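What follows is one structure encoded as structure tokens, with my remarks underneath.
Treat the numbers as computed from the prediction; the structure is a model and nothing was measured. All heavy atoms count here, side chains included; hydrogens, waters and symmetry mates do not. Throughout, residue positions are numbered sequentially from 1 according to the sequence presented.
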Amino acid sequence: MLDRLNALYPVRYTALALCVVCALLSLFTLVGFGIGGFWLLVFTGLSILGYRDLRQTKSAVLRNYPVIGHLRFMLEKIRPEMRQYFIEGDTEAAPFSRSQRSLACARAKGETDKRPFGTQLDVKADGHEWLNHSLAPTHLASHDFRITIGGPACAQPYEASVFNISAMSFGALSANAIQALNSGAKQGRFAHDTGEGSISSWHRLHGGDLVWEIGSGYFGCRDEQGRFNEDRFKANALDPQVKMIELKLSQGAKPGHGGVLPGPKVTPEIAAARGVPMGQDCISPAAHSAFATPIEMLRFIAHLRELSGGKPTGFKLCIGHPWEWFAIVKAMQETGLTPDFIVVDGAEGGTGAAPLEFTDHVGAPLQEGLRLVHNTLVGVNLRDRIKIGASGKIVSAFDIARAMAIGADWCNSARGFMFALGCIQAQSCHTGQCPTGVSTQDPLRQQALVVPDKATRVFNFHQNTLKALQELVQAAGLQHPGEISAQHIVRRVNENEVRLLSNLLPTVAPGALLGDIQGLHAVFTTYWPSASAEQFAQV
């Protein structure tokens with residue numbers, strides 16, 4: 001029957017027809033009785049909208065379903081929120097689970113992070129991991145775990161916390177968010193990475209320790225042509241607030257991909273921080289112009305260290321072609337020049353928006369990238385000279401412990417600290433429509449983020465996470481999280497078998513890459529011989 005009716009009159013036009021009928025009825029009641037003016041405006045507007053839907057050529061849905069078709073787009077727009085609040089399970093990561101977000105939020109607010117009635121995780125699931133505890137636990141006086149970053153050539157080593165704020169630029173984050181992060185870092189004596197957007201006035205306002213990240217756009221240290229400028233670099237690098245210099249080769253959010261900040265988004269504040277003309281497209285190339293070979297890169301890093309007065313200088317990368325990483329290590333061997341630190345960024349992504357293909361399918365995840373960097377440095381006897389940082393979906397104390405077990409000396413977190421600021425994972429960071437004022441340049445939206453309150457949350461999140469890490473270290477019978485190794489972490493590989501990470505992940509003996517490499521993991525036997533200090537390309 002419905003099919004017959006639809007043949008005579010398209011049922012899908014019913015919403016438009018009802019709007020027209022209601023508009024006519026409202027007109028009748030207004031003329032006859034002097035009431036219904038409001039509804040006349042409403043239904044007349046909807047009727048006009050429906051007519052426009054029929055005439056437009058961009059949306060087939062609206063042409064076939066005038067008026068009511070807009071409901072589809074409304075529901076699609078709020079789908080992430082509906083899924084997050086009503087459908088998503090507590091342990092379902094998309095990309096962070098409700099359990100992870102709730103943990104970060106509770107610790108930021110200083111609320112209890114204790115959970116009753118046992119774990120919600122499936123301990124029988126493949127991939128489930130845990131930390132082996134000791135029957136002789138230790139008792140530590142402090143949770144303020146620190147490491148010294150600075151190699152033999154470093155004149156101003158930095159005593160860093162093992163948990164710091166990862167790279168997030170002003171421009172990607174709002175001025176209020178940058179202030180709150182830096183103020184929290186000041187209170188907790190931990191580091192705040194500037195991101196490649198350079199050092200803004202908001203980074204300087206509260207005086208928290210800064211790691212100045214320098215990307216391929218050389219923002220904050222560039223000339224008019226976008227090339228590296230020594231004088232402008234020194235002006236920022238010699239600032240006592242800047243504790244370390246980080247050269248960004250690639251990032252986990254979009255490895256191998258440059259970026260463009262459209263001209264209309266380049267505000268006077270962003271232009272001043274980055275050293276670019278206001279209102280013009282701000283381009284971050286995919287590759288650096290200051291060097292072209294591994295040896296040139298290490299010389300550039302050494303030059304940055306010298307210009308900064310001997311501050312720890314290193315680089316950040318997401319592992320891609322193994323031979324390119326090996327080429328950098330061979331350049332270290334050939335020149336004797338080593339960075340003070342290397343930050344390994346996992347392809348788990350970050351706060352930066354990126355094409356879906358890059359987000360999902362480009363770059364090595366943190367476990368594989370971090371383990372490769374650690375093993376390679378061990379294999380050439382350079383591991384004790386270079387500290388390794390890790391970033392990539394690190395929120396909890398167990399995340400930190402696990403990264404250290406794989407090979408990290410310290411960890412950075414971006415999205416964890418965004419949750420501390422009040423981020424609700426709306427995933428609208430790239431639209432300027434952030435509902436909590438974290439990742440927007442809209443001055444009205446920014447006002448929702450109250451700096452003193454959120455700075456306290458940043459401080460709390462850092463402190464309470466480290467307190468949880470202290471409890472894990474004590475339970476394992478250790479003195480410092482740096483003592484956690486792959487032998488402390490257990491992973492379930494199937495329903496009836498578990499293995500230590502040390503038996504699952506590749507291991508390289510000290511100095512193993514200096515002699516005969518036969519018998520090592522295939523990544524070394526395949527790519528190490530074809531890497532050259534003279535070029536990034538495979539020989």
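- For the residue pair Glu471/His143, the side-chain donor-acceptor check at 3.5 Å is not satisfied.
- Side-chain contact, Gln535 with Thr293: no donor N or O sits under 3.5 Å from an acceptor N or O.
- Pro339 has its side chain within reach of Met332: a pair of non-hydrogen atoms, C-beta onward, lies under 4.5 Å apart.
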Full working for side-chain contact (heavy atoms from CB on, under 4.5 Å) between Gln425 and Phe419: CA-CA 8 Å; Gln425 196 173 268; Phe419 292 142; 3.8 Å; yes
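- The backbone N or O of Ile178 sits nowhere less than 3.5 Å from a side-chain atom of Asn182 that would complete a donor-acceptor pair.
- For the pair Ile214 and Ile245, the minimum side-chain heavy-atom distance is below 4.5 Å.
- No donor-acceptor pair under 3.5 Å is formed between the side chain of Gln241 and the backbone N or O of Leu210.
- A parallel orientation is assigned to the rings of Phe163 and His462, their planes being inclined by less than 30° (bins at 30° and 60°).
- Side chain of Ser250 to backbone of Cys318: a donor-acceptor contact under 3.5 angstrom is found.
- Leu181 places a side-chain heavy atom less than 4.5 Å from the side chain of Leu173.
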Test side-chain contact (heavy atoms from CB on, under 4.5 Å) applied to Phe524 and Asn375, step by step: CA-CA 10 Å; Phe524 295 107; Asn375 281 341; 4.1 Å; yes
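- Note that OG1 of Thr507 and CG of Leu501 are 10.0 Å apart. Values are rounded to the nearest 0.5 Å.
- For Phe300 and Phe315, the gap between ring centers reaches or exceeds 6.0 Å.
- Shown here are the salt bridge (Lys or Arg N to Asp or Glu O under 4.0 Å) partners of Arg383, two or more places apart in sequence or in another chain: Asp409.
- Using a 4.5 Å cut-off on side-chain heavy atoms (C-beta onward), Thr194 and Val211 make no contact.
- With respect to Arg491 and Asp126, no salt bridge is recorded, no charged nitrogen being found less than 4.0 Å from a carboxylate O.
- Looking at Asn132 and His488, their side chains never bring a donor and an acceptor atom within 3.5 Å of each other.
- Distance alone, capped at 3.5 Å, is enough to place a donor-acceptor pair between the His480 side chain and the Gly482 backbone.
- Proximity of the aromatic rings of Phe170 and His203 is defined here by a centroid distance below 6.0 angstrom, and this criterion is not met.
- Taking the ring axis of Trp325 as reference, the NZ or CZ atom of Lys330 does not stay both within 45° of it and closer than 6.0 Å to the ring centre.
- Classified by interplanar angle (parallel below 30°, tilted 30° to 60°, perpendicular above 60°), the ring pair Trp130/His128 is tilted.
- A donor-acceptor contact shorter than 3.5 Å links the side chain of Gln474 to the backbone of Leu140.
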Test log, rule salt bridge (charged side-chain N to carboxylate O under 4.0 Å, His left out), inputs Glu196 and Lys248: CA-CA 8 Å; Glu196 67 174 308; Lys248 192 197 84 169; 2.6 Å; yes
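- With hydrogens and angles disregarded, no donor-acceptor distance shorter than 3.5 Å links the side chain of His374 to the backbone of Arg371.
- Side-chain N/O atoms of Glu159 and Thr148 include a donor and acceptor closer than 3.5 Å.
- Note on ring orientation: taking the six-membered ring where Trp is involved, the planes of Phe233 and Phe228 are tilted (angle from 30° to 60°).
- Atom CG of Asp193 sits about 9.0 Å away from atom CG of Asn164, to the nearest 0.5 Å.
- Residues Leu366 and Ile394 meet the side-chain proximity criterion, which asks for heavy atoms closer than 4.5 Å.
- A donor-acceptor contact shorter than 3.5 Å links the side chain of Ser413 to the backbone of Gly416.
- Leu466 contributes atom CG, which lies 6.0 Å from atom CD1 of Ile400 (distance to the nearest 0.5 angstrom).
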Trace of the side-chain contact (heavy atoms from CB on, under 4.5 Å) decision for Tyr218 with Ser289: CA-CA 9 Å; Tyr218 305 111; Ser289 60; 3.4 Å; yes
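- Judged by distance alone, the side chain of Gln367 and the main-chain N or O of Ile406 form no donor-acceptor pair under 3.5 Å.
- Residues passing the salt bridge (Lys or Arg N to Asp or Glu O under 4.0 Å) test with Arg227, sequence neighbours excluded: Asp223.
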Candidate pair Val276 and Arg222, rule side-chain contact (heavy atoms from CB on, under 4.5 Å), full reasoning: CA-CA 8 Å; Val276 298; Arg222 58 186 268 148; 3.8 Å; yes
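- Taking a cutoff of 4.0 Å between a charged side-chain nitrogen and a carboxylate oxygen, Arg232 and Glu224 qualify as a salt bridge.
- At distances below 3.5 Å, not a single donor-acceptor pair connects side-chain atoms of Thr526 with backbone N or O atoms of Val523.
- By the 30° and 60° cut-offs, the orientation of the rings of Phe536 relative to Phe291 is tilted.
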Asp340/Arg385 under salt bridge (charged side-chain N to carboxylate O under 4.0 Å, His left out): CA gap, chis, key distance, verdict: CA-CA 7 Å; Asp340 297 296; Arg385 295 180 58 175; over 6 Å; no
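- Taking 4.0 Å as the cut-off between side-chain N and carboxylate O, Arg492 and Glu497 do not count as a salt-bridged pair.
- A donor-acceptor pair under 3.5 Å is absent between the side-chain atoms of Thr525 and the main chain of Gln518, judged by distance alone.
- When side chains are defined from C-beta on, Ser174 does not count as touching Val438, because their heavy atoms never get closer than 4.5 Å.
- Atom CD of Gln487 has 12 or fewer heavy atoms from other residues, nucleotides or ligands within 6.0 Å.
- One finds a salt bridge joining Asp239 and Arg204 here, because a Lys/Arg side-chain nitrogen approaches an Asp/Glu carboxylate oxygen to under 4.0 Å.
- Counting only heavy atoms from C-beta outward, the side chains of Glu483 and Met404 never approach each other to under 4.5 Å.
- Inter-residue side-chain proximity for Cys221 and Trp212 is flagged as met; some heavy-atom pair is nearer than 4.5 Å.
- With respect to Lys124 and Glu495, no salt bridge is recorded, no charged nitrogen being found less than 4.0 Å from a carboxylate O.
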